Visitor: 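Supplied in structure tokens, the structure appears directly below.
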Amino acid sequence: MKTYDFIGIGIGPFNLSVAALAENIEGFSSLFLERKPHFAWHPGMMVPDCYMQTSFLKDLVSAVDPTNRYSFVNYLVKRKKFYRFLTTEQRTVSREEFADYLCWAADGLSNLAFGQAVEQVTFDDDAKLFDVKTSQGHYRARHVCLGIGKQINLPPCVTERSDRCFHASEMMLRTPALGGKRVTIVGGGQSGADLFLNIFRGEWGQPTSLNWVSRRNNYNALDEAAFANEYFTPEYLESFSSLDEKVRHRLLNEQRMTSDGITQESLLAIYRAMYHKFEVLREKPWAHLLPSRSVTAVTPVGDAQRLTLQHCLDDGEEQLDADVVIFATGYQAARPAFLAPVAHRLHVDDDEGFQVNTDFTLNWDGPQQNSLFAVNAGMHSLGIAEPQLSLMAWRAARILNRAHSSEPFELATTPGVIQWRSQPDAAASHERSALTQTMQF
């Protein structure tokens, strides 16, 4: 068994960022394991005209190591499209292009191993090493980082998935023929919006009807205001993590639209498309928006599905028949089975979630010189930015600074424009300073 300084489990964007930064650290050995045969980032969601909500400068490395060869700018140069890209004047890039960038980086990294399904993680207290068993062999490491992503989230009433009833993440894998069919989308976020617009335009055939169901009371815009974007900074993450748990839960609800809203461009495109069809061309409306509704039952009726909807405001109950139902209902955390041997040593919060620190270590009862890290597992501890790409490179550097004794990355920043926490000693300090100056005078 070869011993490494650092092993990452799962190769998504977050662990890919750690891998890209770790590769350049001299004398630091790392290995990242992935059960899939090759890198792929949400292949089922690569629908046309789907754009990132995050700037391309918030890539794998640039925020902490801008000269790293895995930057998005270097990707443009190596793909020989730097000048063409500048001419497009894009603030964000398509999901297809960002996925291609991630694949390009994965192809160049030497510390990735695919086709390695992790079966078990144990800890050897005598050797002070983690033992990682995969379908291909055993590896040992001083530190382990969990980056396996989350599982799809479906309403409890959905008991079976098929080409007629499935999650949005499967759209491009199933590529259903929707021509002449009644289609319903459930979920009022960006994924639901992207699907609605593409289906409305007939990307997979022209449906006879299209309904968009959401629990939210409206189709809310993403909050992209300058001060709202301060939530996606290291300073705010540090401030948020030290708040009382009840306060953190309240803030997460208040800030939801800074990450779960729909871009203004998407909302306007949908509104304009519907206006053109139903007002300019005067087609009889065949697409409907149905907010404030929860799906409480999905019942097969012949070859169709009957959805029972509960209105959240007036308590009315409705039924809606559809030939194809697509649930754009997001993802949820899941405890990986391979952690079972060390699960009893991990500290959890009241909701049985990991206790994640600001350096992305998990609280556990093992030696302090051995760390279990987790990415995309601590939003309730660290704030709305934790599952987002915005802090990806900073997060990776923070993890590597903890794993490496010399802290190879400089992460200091200038003071933010907002003072997030009370400073009770500030006034007294100012008075003492003024008094000192008076006495000196």
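Remember, predicted model here, so these are calculated numbers, not experimental data. Values reported hereafter were calculated over all heavy atoms of this structure, with side chains retained and with hydrogens, waters and symmetry mates removed. Throughout, numbering of the chain's residues begins at 1 and tracks the sequence.
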Visitor: Please assess Gln388 against Ser390 for the test side chain to side chain donor-acceptor pair (under 3.5 Å), listing each intermediate value before the final yes or no.
Guide: CA-CA 5 Å; Gln388 306 297 321; Ser390 295; over 6 Å; no

Visitor: Side chain to side chain donor-acceptor pair (under 3.5 Å), that's the test. Do Asp5 and Ser29 meet it? Break it down for me.
Guide: CA-CA 5 Å; Asp5 292 308; Ser29 58; 3.2 Å; yes

Visitor: If we only count heavy atoms from C-beta on, is the Phe14 to Leu389 side-chain gap below 4.5 Å?
Guide: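 The answer is yes, as the side chains (C-beta and beyond) meet within the 4.5 Å cut-off.
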
Visitor: Return the minimal non-hydrogen interatomic distance between Leu391 and Ala385, and the atom names on each side.
Guide: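 So the two residues come closest at CD1-CB, 3.8 Å.
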
Visitor: Are any side-chain N or O atoms of Glu23 and backbone N or O atoms of Leu109, one a donor and one an acceptor, separated by less than 3.5 Å?
Guide: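 No; judged by distance alone, with no hydrogens or angles, the pair does not exist.
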
Visitor: Inspect the contact between Arg421 and Glu238 and indicate whether a charged nitrogen and a carboxylate oxygen are less than 4.0 angstrom apart.
Guide: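 No salt bridge links Glu238 with Arg421.
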
Visitor: So, taking the atom named CG in Asp260 and the one named CG in Asp223, what distance separates them when rounded to the nearest 0.5 Å?
Guide: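 Output value for this atom pair is 12.0 Å.
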
Visitor: Counting C-beta onward and ignoring hydrogens, is there a side-chain heavy-atom pair between Phe327 and Val298 closer than 4.5 Å?
Guide: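 With C-beta onward as the side chain, the pair touches.
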
Visitor: Say whether, by atom type as modelled, one donor and one acceptor occur between the side chain of Arg272 and the main chain of Ile270 under 3.5 angstrom.
Guide: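 No: the side chain of Arg272 does not pair with the backbone of Ile270.
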
Visitor: Would you please say whether a donor-acceptor pair under 3.5 Å links the side chains of Asn217 and Ser292?
Guide: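 Distance-only check passes for Asn217 and Ser292.
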
Visitor: Mind telling me whether Tyr231 and Trp420 have parallel, tilted or perpendicular rings, with 30° and 60° as the class edges?
Guide: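 Because their plane-to-plane angle lies in the 30° to 60° range, the rings of Trp420 and Tyr231 count as tilted.
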
Visitor: Between Gln53 and Thr263, does any side-chain donor sit less than 3.5 Å from a side-chain acceptor?
Guide: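 Short answer, no.
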
Visitor: With side chain to side chain contact (heavy atoms under 4.5 Å, CB included) as the criterion, how do Lys58 and Met52 come out once you've worked through the C-alpha distance, each side chain's angles and the decisive distance to 0.1 Å?
Guide: CA-CA 11 Å; Lys58 295 180 178 180; Met52 302 290 294; over 6 Å; no

Visitor: Between Tyr331 and Ser169, what is the shortest heavy-atom contact and its length?
Guide: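 The answer is OH-CB, 3.3 Å.
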
Visitor: Using 0.5 Å steps for rounding, measure from the CG atom of Leu411 to the CH2 atom of Trp394.
Guide: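 Answer for the CG-CH2 pair, Leu411 versus Trp394, is 7.5 Å.
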
Visitor: Got a sec: does the NZ of Lys78 have more than 12 other heavy atoms crowding it under 6.0 Å?
Guide: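 No, NZ of Lys78 has 12 or fewer neighbouring heavy atoms, counting only those of other groups under 6.0 Å.
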
Visitor: Say you draw a straight line from CG of Leu307 to OG of Ser294; how long is it, rounded to the nearest 0.5 Å?
Guide: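 Between atom CG of Leu307 and atom OG of Ser294 there are 11.5 Å.
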
Visitor: Any chance you could measure His347, atom NE2, to Asn363, atom CG, to the nearest 0.5 Å?
Guide: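 Between atom NE2 of His347 and atom CG of Asn363 there are 6.5 Å.
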
Visitor: How about CZ on Arg35, more than 12 heavy atoms from neighbouring residues, nucleotides or ligands closer than 6.0 Å, or not?
Guide: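 Open: at most 12 neighbouring heavy atoms sit under 6.0 Å from CZ of Arg35.
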
Visitor: To check you understand the geometry: which heavy-atom pair defines the closest contact between Phe240 and Leu382, and what is its length?
Guide: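 Smallest heavy-atom distance, with atoms named: CD2-C, 3.4 Å.
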
Visitor: Can you tell me if CZ on Arg215 sees more than 12 non-hydrogen neighbours from other groups inside 6.0 Å?
Guide: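 Incorrect, the count does not exceed 12.
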
Visitor: For Leu195 and Trp212, what are the C-alpha separation, side-chain angles and deciding distance, and is it a side chain to side chain contact (heavy atoms under 4.5 Å, CB included)?
Guide: CA-CA 10 Å; Leu195 287 173; Trp212 187 10; over 6 Å; no

Visitor: Between Glu97 and Arg79, is there a side-chain N and carboxylate O pair less than 4.0 Å apart?
Guide: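 No salt bridge links Glu97 with Arg79.
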
Visitor: Distance from Ile11 atom CD1 to Leu33 atom CG, nearest 0.5 Å?
Guide: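 These two atoms lie 7.0 Å from each other.
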
Visitor: Quick one: does Glu170's side chain get under 4.5 Å of Arg161's, heavy atoms only?
Guide: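 Answer yes - side chains close enough.
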
Visitor: Check for me whether Arg395 meets the cation-pi criterion with Phe360, that is, NZ or CZ under 6.0 Å from the six-membered ring centre and within 45 degrees of the ring axis.
Guide: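 Yes; both conditions hold, so Arg395 lies above the ring face of Phe360.
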
Visitor: Please report the shortest heavy-atom distance between Ile326 and Val324, naming the atom on each side.
Guide: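 Residues Ile326 and Val324, closest heavy atoms: CG1-CG1, 4.1 Å.
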
Visitor: Measure from the side-chain N and O atoms of Glu386 to the backbone N and O of Gly378, and report whether any donor-acceptor pair falls under 3.5 Å.
Guide: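 Yes, Glu386 side chain to Gly378 backbone: donor-acceptor pair under 3.5 Å.
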
Visitor: Atom SG of Cys165 and atom CD of Glu160: how far apart are they, to the nearest 0.5 Å?
Guide: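 Between atom SG of Cys165 and atom CD of Glu160 there are 8.5 Å.
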
Visitor: Any side-chain heavy-atom pair from Leu60 and Met392 closer than 4.5 angstrom?
Guide: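 Yes; the side chains approach each other to less than 4.5 Å.
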
Visitor: Judged by atom type as modelled, is there a donor-acceptor pair below 3.5 Å linking the side chain of Asn218 to the main-chain atoms of Asn220?
Guide: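 The answer is no, because no donor-acceptor pair under 3.5 Å joins these two groups.
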
Visitor: Determine, using ring centers only, whether Phe85 and Phe72 are less than 6.0 Å apart.
Guide: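 Ring-ring flag for Phe72/Phe85: true, centres closer than 6.0 Å.
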
Visitor: Hey, are the side chains of Met379 and Ile384 touching, using non-hydrogen atoms and a 4.5 Å cut-off?
Guide: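 Met379 vs Ile384: side chains touch.
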
Visitor: State, yes or no, whether a side-chain contact exists between Glu34 and Leu112 at a heavy-atom distance under 4.5 Å.
Guide: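 When only atoms from C-beta onward are counted, Leu112 and Glu34 do not touch, as no gap falls below 4.5 Å.
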
Visitor: Please give me the minimum heavy-atom distance between Gly10 and Asn15, naming the atom from each residue.
Guide: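 For Gly10 and Asn15, the tightest heavy-atom pair comes out as O-ND2, 2.7 Å.
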
Visitor: In sequence, state the C-alpha distance, the side-chain angles, and the governing distance for Val47 and Trp204, and then conclude on side chain to side chain contact (heavy atoms under 4.5 Å, CB included).
Guide: CA-CA 11 Å; Val47 299; Trp204 298 281; 3.9 Å; yes

Visitor: So, the side chain of Thr87 versus the backbone of Tyr83: is there a donor-acceptor pair under 3.5 Å, distance only?
Guide: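 Answer holds: yes.
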
Visitor: Hey, is the main chain of Asp359 close enough, under 3.5 Å, to the side chain of Asn357 for a donor-acceptor pair?
Guide: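 Such a contact is absent between Asn357 side chain and Asp359 backbone.
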
Visitor: Taking the side chain from Asp131 and the backbone from Phe123, do they hold a donor-acceptor pair closer than 3.5 Å?
Guide: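 Side chain of Asp131 to backbone of Phe123: no pair is present.
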
Visitor: Would you indicate whether the side-chain heavy atoms of His380 and His249 approach each other to under 4.5 Å?
Guide: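 Of all side-chain heavy-atom pairs linking His380 with His249, at least one is under 4.5 Å.
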
Visitor: Check this for me: Tyr275, atom OH, are more than 12 non-hydrogen atoms of other residues, nucleotides or ligands nearer than 6.0 Å?
Guide: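 No, not enclosed.
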
Visitor: Would you check if His143 and Phe130 make a side-chain contact, meaning some heavy-atom pair closer than 4.5 Å?
Guide: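 No; the side chains remain at least 4.5 Å from each other.
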
Visitor: Could you pull out the closest heavy-atom pair between Ser94 and Tyr51, with the gap in Å?
Guide: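 Heavy atoms of Ser94 and Tyr51 come nearest at N-CD2, 3.5 Å.
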
Visitor: Can you tell me if Gln368 has over 12 outside heavy atoms packed within less than 6.0 Å of its CD?
Guide: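 Open.
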
Visitor: Any side-chain to backbone donor/acceptor pair from Thr175 onto Met172? Under 3.5 Å, distance only.
Guide: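 Not at all, since once roles are kept as given, no pair shorter than 3.5 Å links the two residues.
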
Visitor: Consider only side-chain N and O atoms of Asn401 and Arg398, and report whether a donor and an acceptor are under 3.5 Å apart.
Guide: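 No.
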
Visitor: So, Ser371 side chain and Phe373 main chain: donor-acceptor pair closer than 3.5 Å or not?
Guide: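 Flag not set: sc Ser371 to bb Phe373 has no pair under 3.5 Å.
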
Visitor: With a 6.0 Å cut-off on ring centres, are His42 and Phe98 close enough?
Guide: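 When the ring centroids of His42 and Phe98 are compared, they turn out to be at least 6.0 Å apart.
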
Visitor: Between Tyr70 and Trp104 (side chain of the first, backbone of the second, donor and acceptor by atom type, cut-off under 3.5 Å), is there such a pair?
Guide: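 No, because the side chain of Tyr70 does not come within donor-acceptor range (under 3.5 Å) of the backbone of Trp104.
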
Visitor: Phe28 vs His404 aromatic rings, parallel, tilted or perpendicular, using cut-offs 30° and 60°?
Guide: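 The rings of Phe28 and His404 sit tilted, inter-plane angle from 30° to 60°.
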
Visitor: Could you verify whether a donor N or O on one side chain and an acceptor N or O on the other, from Tyr75 and Asp100, lie under 3.5 Å apart?
Guide: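 A donor-acceptor contact under 3.5 Å links the two side chains.
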
Visitor: For Phe6 and Ile399, what are the C-alpha separation, side-chain angles and deciding distance, and is it a side chain to side chain contact (heavy atoms under 4.5 Å, CB included)?
Guide: CA-CA 10 Å; Phe6 192 99; Ile399 289 171; 3.7 Å; yes

Visitor: Show your reasoning for whether side chain to side chain donor-acceptor pair (under 3.5 Å) applies to Asn253 and Arg250.
Guide: CA-CA 5 Å; Asn253 286 328; Arg250 176 169 58 82; over 6 Å; no

Visitor: Are Asn198 and Asp49 linked by a side-chain donor-acceptor pair shorter than 3.5 Å?
Guide: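 Note: Asn198 and Asp49 side chains miss the donor-acceptor criterion.
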
